[in-house]
There are 2 protein chains.
Amino acid sequence: MSLTYDSQFPATAFGLTGHCDATEALSRMGLRLRIAKDEEIYGQDEDADLIYRVVSGAVRTTSLLRDGRRQIGEFYYAGEVFGIEPGQSHRFSAEALCDCEVVAVKASALKAAVGEAAFDRMVWRATSRELDRAQEHVLLLGRKTASERVASFLMDMAERGRAEAVVLPMGRQDMADYLGLTIETVSRTLTQLQNRLVVEFAGLRQFRVNDLGALSRMAA
Amino acid sequence: MSLTYDSQFPATAFGLTGHCDATEALSRMGLRLRIAKDEEIYGQDEDADLIYRVVSGAVRTTSLLRDGRRQIGEFYYAGEVFGIEPGQSHRFSAEALCDCEVVAVKASALKAAVGEAAFDRMVWRATSRELDRAQEHVLLLGRKTASERVASFLMDMAERGRAEAVVLPMGRQDMADYLGLTIETVSRTLTQLQNRLVVEFAGLRQFRVNDLGALSRMAA
DNA sequence: CGTTCATTTGAAGACACTCAACGTCTGTGG
DNA sequence: CCACAGACGTTGAGTGTCTTCAAATGAACG
């Protein structure tokens with residue numbers, strides 16, 4: 001039996017269910033979809049009439065420059081809501097980071113079901129977190145060095161689960177596109193962190209933090 | 001008579017007033033404050049009980065790393081609302097970009113005055129724009145080169161006013177801290193853009209776009 | 001009209017990127 | 001179960017872009 005991403009972060013962990021009536025209703029009412037790794041959930045500029053929630057696995061939102069350069073906006077993990085947009089259409093596209101399950105429901109249907117107040121609360125919560133993360137991301141991309149970015153990222157991942165070993169649901173390329181680096185720089189930085197005994201990898205996608213203080217200090 | 005930032009972008013331009021009852025009420029009810037250049041309006045981690053609107057001049061929000069590296073989150077111009085936070089406290093600090101006037105009102109007072117619905121609408125509008133900009137900012141910082149960043153920035157500024165000449169309310173250091181670059185790189189890039197006749201500066205803070213197509217293409 | 005601050009320019013260096021080769025993991029079919 | 005293929009990740013060498021440090025120039029203000 002191998003440790004997978006899902007076994008580590010079930011949707012019910014972290015108290016993410018039950019906080020919000022509308023979120024619960026979303027999971028109950030929503031259509032359950034199985035999405036294969038790298039399959040698109042919605043595209044950039046498509047109409048944003050559906051609201052999604054990750055049941056298992058993880059999702060990324062991405063934005064492309066005309067010449068193909070890619071930036072990942074955020075990762076979404078089990079229990080999290082995504083796809084809510086302030087505007088009419090999706091500003092990013094969303095794809096499955098690994099094989100995963102999501103539930104989707106029409107915004108209008110959800111609103112009708114739980115009432116405007118509960119619906120608005122959910123939208124507000126989701127948007128707030130979105131903004132929070134985006135602003136933190138701006139600081140990371142604007143002013144942190146490569147090692148600081150990678151360290152920050154590992155800290156975030158480690159904080160998500162209190163587990164001994166943290167499992168990364170994404171590959172190196174996704175990390176790079178999230179951190180505004182190349183895959184080679186990410187790889188080299190991870191190697192350094194291991195050599196300095198700050199973290200320890202068991203396989204490509206599983207690591208343990210050996211020196212939380214050092215990692216935290218490196219995150220700047 | 002010299003062209004100043006304020007004469008170019010009065011608060012009533014762009015239809016920014018009247019769109020929203022609560023925004024209008026904010027300006028009517030709010031305490032009018034005069035803020036000197038570089039003076040702090042609120043600090044990072046302070047309680048966010050006031051909501052602000054720029055009357056004249058411009059404002060920046062900034063975030064600092066422990067060692068002093070600075071990232072500017074956003075610039076706010078005449079007519080725009082700022083200081084609304086999803087959480088309890090301010091995630092960034094806010095300072096006057098130049099001598100400016102703002103109005104400030106207690107969130108609770110504004111809510112009582114205009115009703116919850118109108119208040120929520122305003123909060124939602126402000127937060128949406130905030131998120132939009134932050135996501136665009138992430139793409140810029142994560143994947144654009146120095147010239148692309150500067151070109152993007154000048155495009156944004158040019159789009160704000162249809163005026164012949166665009167006036168920048170901020171200095172080079174603020175541009176650099178917004179774009180995730182150094183002041184020297186910004187300066188060199190601006191010089192290049194002038195040499196290629198894409199833009200033309202008249203003084204340090206006033207420019208005209210000569211070749212909008214080229215500028216747009218450079219913005220990536 | 002000089003002082004001060006902001007911006008520009010120059011030269012040298014560092015950090016991250018590119019290109020290329022090598023290693024390792026995973027899944028598939030023999 | 002092993003061999004193989006293909007994808008993914010690591011490592012190395014060289015390059016380029018942006019930064020750093022330093023000096024000169026230019027603008028703003030009393």
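Residue numbers start from 1 in every chain, and the chains themselves are labelled A, B, ... in the order their sequence lines are given, proteins ahead of strands.
The rotation axes computed at either terminus of the helix from C:dC1-D:dG30 to C:dG30-D:dC1 lie 40° apart, taking five pairs at each end and rounding to 10 degrees.
By the 6.0 Å and 45° rule, A:R133 stacks over the aromatic ring of A:Y76. The side-chain tip of B:R172 points at the ring of B:F201 from less than 6.0 angstrom away and within 45° of straight on.
The stretch residues 139-153 of chain B touches DNA chain D through B:T145, B:A146, each having a heavy atom under 4.0 angstrom from the strand. Of the residues in residues 182-191 of chain B, those lying under 4.0 Å from DNA chain D by heavy-atom distance are B:T182, B:E184, B:T185, B:R188.
Every pair tested for side-chain hydrogen bond (donor to acceptor under 3.5 Å, both in side chains) that includes a residue from residues 211-220 of chain B fails, sequence neighbours excluded, so the list is empty.
Taking atom CD of residue B:Q192 and atom C1' of nucleotide C:dT7, one finds them 16 Å apart after rounding to whole Å. Residue A:Q173 contributes atom CD, which lies 12 Å from atom P of D:dT10 at whole-angstrom precision. Whole-Å rounding puts the B:Q194 CD to D:dG26 P distance at 14 Å. As rounded to whole Å, 12 Å separates atom P of C:dT8 from atom CG of B:L193. B:N195 has its CG atom 12 Å from the C1' atom of C:dT8, to the nearest Å. What separates CZ of B:F207 from P of C:dT7 is a distance of 15 Å, to the nearest Å. Rounded to whole angstrom, the span from the CG atom of B:L179 across to the P atom of D:dT17 amounts to 19 Å. Computed from coordinates, the B:F201 CZ to D:dG26 C1' distance equals 15 Å when rounded to whole Å.
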Go through the steps for B:D67 and A:R143 under the test salt bridge (charged side-chain N to carboxylate O under 4.0 Å, His left out), then give the verdict.
CA-CA 11 Å; B:D67 64 1; A:R143 288 301 181 208; over 6 Å; no
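In this structure a side-chain-to-backbone donor-acceptor pair under 3.5 Å is missing from B:R53 to B:L26. Judged by distance alone, with hydrogens and angles left aside, the side-chain atoms of B:H137 form no donor-acceptor pair with the main-chain N or O of A:H137 at under 3.5 Å.
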For nucleotides 24-27 of chain C, tabulate all protein N/O to nucleotide N/O atom pairs closer than 3.5 Å, reporting atom names and distance.
none

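In this structure, B:T145 OG1 and B:R149 CZ are separated by 7.5 Å, a value rounded to the nearest 0.5 Å.
The shortest heavy-atom contact between B:A220 and A:R69 is CB-NH2, 3.9 Å. Smallest separation of non-hydrogen atoms from B:S89 and B:D45: CB-O, 3.6 Å. The heavy-atom pair separating A:V138 from B:A134 by the smallest distance is CG2-O, 3.9 Å.
Between B:E136 and B:R129, none of the side-chain N atoms (NZ, or NE/NH1/NH2) sits under 4.0 Å from a carboxylate O, so this pair counts as no salt bridge.
Between A:Y52 and A:F82, the ring planes are parallel. Angles under 30° get that label, and only those over 60° would be called perpendicular.
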Distance-only donor-acceptor hits, side chain of residues 98-105 of chain B, under 3.5 Å, sequence neighbours excluded:
residue : atom : partner : partner atom : Å
B:D99   : OD1  : B:K37   : N            : 2.7
B:E101  : OE2  : B:R34   : NH2          : 3.0

